[in-house]
Amino acid sequence: QVQLVESGGGLVQAGGSLRLSCTASTRTFSSYAMGWFRQASGKEREFVGRISRSGGVTYYADSVRGRFTVSRENAKNTVYLQMNSLKPEDTAVYYCAADENPLHGLGVPTTTTRYEYWGQGTQVTVSS
């Protein structure tokens with residue numbers, strides 16, 4: 001079982017930046033691909049970004065590409081989401097998730113069903 005704990009959320013003005021962190025309780029963190037998702041009030045959870053096990057490959061939702069960056073430090077069991085040029089529509093609870101079978105998992109990597117472990121979420125609010 002892997003436990004994920006997010007931190008770094010908060011209130012920021014439009015145009016500002018935040019960096020979220022997600023720390024995993026596992027000795028094999030480098031074997032998991034990691035994803036970030038978000039869920040706005042009254043909406044479904046949506047994909048934000050994903051990073052490969054080594055950190056060499058990332059991809060993003062169209063809505064955040066060029067503004068958000070996913071990175072990881074395997075030695076610290078931590079994945080990050082750097083969010084720049086924030087907009088009010090980025091307001092949501094942000095979740096990190098772990099994919100324990102990145103090569104042969106079921107479902108596409110942008111869907112929630114691909115990930116076996118989830119954090120509790122951290123609120124990000126962007127004011128206009």
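All residue numbers refer to positions in the sequence shown, counting from 1.
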Measuring from Tyr117:OH to Asp99:CG, what's the distance to the nearest 0.5 Å? 11.0 Å
Does either side chain, that of Asn77 or that of Thr23, offer a donor lying less than 3.5 Å from an acceptor on the other one? no
With the side chain counted from C-beta on, respond yes when Tyr95 and Leu20 share a heavy-atom pair under 4.5 Å apart, and no when they do not. no
Any side-chain heavy-atom pair from Asp90 and Arg38 closer than 4.5 angstrom? yes
Hydrophobic cluster membership, Phe29 vs Leu81, 4.5 Å side-chain cutoff: yes
Does any N or O in the side chain of Thr26 come within less than 3.5 Å of the main-chain N or O of Ala24, such that one atom is a donor and the other an acceptor? no
Are side-chain N/O atoms of Tyr32 and Arg72 paired as donor and acceptor at under 3.5 Å? no
Heavy atoms only: give me the nearest Pro102-Arg53 pair and the separation to one decimal. CG-CD, 3.5 Å
Gln3 atom CD, neighbour heavy-atom count above 12 within 6.0 Å: no
Any side-chain heavy-atom pair from Glu73 and Ser21 closer than 4.5 angstrom? no
Is the NZ or CZ atom of Arg45 positioned over Phe37's six-membered ring, under 6.0 angstrom from the centre and within 45° of the axis? no
Looking at every non-hydrogen atom in both residues, tell me the closest pair between Tyr115 and Gly35 and how far apart they are. CE2-N, 3.7 Å
Give the cluster check for Trp118 versus Phe47: same hydrophobic cluster or not, with ILVMFWY residues linked at side-chain heavy-atom distances below 4.5 Å. yes
